[in-house]
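The structure appears below as structure tokens.
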Protein chains: 2
Amino acid sequence: MDAQAHLHERMRDFPQRCRSAGLKVTHQRTAIYQMLAATERHPSPEEVYEAVRPELPSISLATVYKVLDLFHHHGFLRKISTEKQVARYDANVGEHGHLICDRCGSIKDVPVDGVAGIHLPDQGAFAVSRLEVVFHGVCGDCR
Amino acid sequence: MDAQAHLHERMRDFPQRCRSAGLKVTHQRTAIYQMLAATERHPSPEEVYEAVRPELPSISLATVYKVLDLFHHHGFLRKISTEKQVARYDANVGEHGHLICDRCGSIKDVPVDGVAGIHLPDQGAFAVSRLEVVFHGVCGDCR
DNA sequence: TTAGATGCAAATCTTTTGCAGTGCG
DNA sequence: CGCACTGCAAAAGATTTGCATCTAA
């Protein structure tokens with residue numbers, strides 16, 4: 001499935017997913033989710049804010065933070081931890097890893113099929129809920 | 001090798017490693033590195049600061065930040081990215097993954113031998129320098 | 001002796017919060 | 001209509017910076 005099809009599918013299901021989660025479907029939430037569903041760039045809150053401003057000039061950065069956090073807690077988004085102090089978000093919540101360029105900060109998706117069957121040694125009572133795989137390095141553009 | 005042996009070895013090599021990196025061996029740097037080499041708790045800068053204060057009452061938090069960043073850039077420490085906005089550091093720079101408890105924030109080391117041979121699909125010109133594997137979940141104490 | 005390191009205070013950057021007003025259902 | 005949501009402004013929290021002073025080599 002290509003990016004366009006993903007976008008279409010995600011936007012089609014968005015109102016229903018909000019209702020299921022008990023969330024109201026507002027212009028702000030729709031614009032934020034759409035922006036994230038349409039990009040492969042893994043934007044920061046600030047970037048999301050700038051991207052939706054043309055469409056919603058009165059939106060506030062605080063709202064963007066609140067909505068991103070809400071979406072993340074409801075599993076609509078993945079939050080990517082980086083060594084920098086800004087969060088990055090990804091509307092693709094399916095299993096995949098990330099390639100982070102330590103030079104320019106770009107983040108690209110990468111399949112991690114090989115990791116799916118990773119052997120987790122006995123960790124006592126630790127209950128694993130999800131796995132995060134990040135490759136650090138330098139991207140093609142920076143080399 | 002147990003934790004004590006690791007600590008001893010790391011502290012023995014510390015001055016030489018500093019010199020090799022062109023860094024002066026100060027009381028502050030020694031105390032900070034020792035604190036990190038002696039713990040398995042993956043402390044934040046604030047926690048490092050509080051831990052070394054009894055020994056060096058006049059040390060500043062800014063110095064702790066500067067030293068941690070310096071050590072990280074020279075490969076003495078690993079910086080662990082979490083979803084929270086505080087950094088966490090680890091003196092164990094050998095290959096291993098982390099178990100992060102999403103409830104209490106504790107971080108435990110975990111061997112990831114299975115991941116060593118992970119197949120990285122062709123990513124064009126992306127040059128991978130290191131791999132980060134994080135398991136999220138809930139630790140035994142929190143359950 | 002001197003380049004590099006520290007400590008302090010202020011600045012910056014990111015994220016969160018309280019609250020009055022707004023709008024979705 | 002009511003409760004959840006938004007926008008604003010202010011606060012909080014994390015990290016960085018400039019600079020005068022100090023110290024390891």
*Could you encode protein contacts along nucleotides 14-25 of chain D as a string, one character per nucleotide from 5' to 3', using B for base contact, S for sugar-phosphate-only contact and - for no contact, with a heavy-atom cut-off of under 4.0 Å?*
SBBBB-----BS
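- C:dC8 atom P lies 10 Å from atom CZ of B:R53, rounded to whole Å.
- In the helix from C:dT1-D:dA25 to C:dG25-D:dC1, the end axes, each obtained as the rotation axis mapping the C1' atoms of four pairs onto the next four within a five-pair block, lie 50° apart to the nearest 10 degrees.
- One atom, CZ of B:R29, and another, P of C:dG7, lie 11 Å apart when rounded to the nearest Å.
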*Trace of the salt bridge (Lys or Arg N to Asp or Glu O under 4.0 Å) decision for B:E95 with B:R130*: CA-CA 9 Å; B:E95 177 181 293; B:R130 70 202 154 83; over 6 Å; no
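- The side chain to side chain donor-acceptor pair (under 3.5 Å) analysis of residues 51-66 of chain A, with sequence neighbours excluded, yields the pairs A:Y49-A:R53, A:E50-A:R53, A:S60-A:T63.
- Look at A:S60 and you won't find any side-chain N or O under 4.0 angstrom from OP1 or OP2 of D:dC8.
- B:V134 is not listed as a side-chain neighbour of A:L131, based on a closest heavy-atom distance of 4.5 Å or more.
- By the criterion of side-chain heavy atoms lying less than 4.5 angstrom apart, applied directly or through intervening Ile, Leu, Val, Met, Phe, Trp or Tyr residues, A:V93 is not grouped with B:F135; the two fall into different hydrophobic clusters.
- B:H74 has its NE2 atom 12 Å from the P atom of C:dG4, to the nearest Å.
- Atom CG in A:L56 sits roughly 16 Å away from atom C1' in D:dC8 (whole-Å rounding).
- Rounded to whole Å, atom P of C:dA5 lies 14 Å from atom CD1 of B:I59.
- The OG1 atom of A:T26 lies 8.5 Å from the CG atom of A:L56; values are rounded to the nearest 0.5 Å.
- A salt bridge is defined here as a Lys NZ or Arg NE, NH1 or NH2 lying under 4.0 Å from an Asp or Glu carboxylate O, and B:E47 with B:R41 meets this definition.
- The cationic group of B:R17 lies under 6.0 Å from the six-membered ring centre of B:F76 and within 45° of the ring axis, placing it in a cation-pi geometry.
- In this structure, OH of A:Y33 is placed 18 Å from P of D:dC5, rounded to the nearest angstrom.
- In this structure, A:Y89 atom OH and C:dT14 atom P are separated by 13 Å, rounded to whole Å.
- For the 3.5 Å distance criterion, the side chains of A:D109 and A:H98 qualify, holding a donor opposite an acceptor.
- Counting heavy atoms from C-beta on, the side chains of B:H96 and B:D90 come closer than 4.5 Å.
- Residue-level contact check: B:S58 touches the backbone only, with heavy atoms under 4.0 Å from sugar-phosphate atoms and none from bases.
- One interatomic measurement links the two molecules: CG of B:L68 to C1' of C:dA5, which rounds to 15 Å at whole-angstrom precision.
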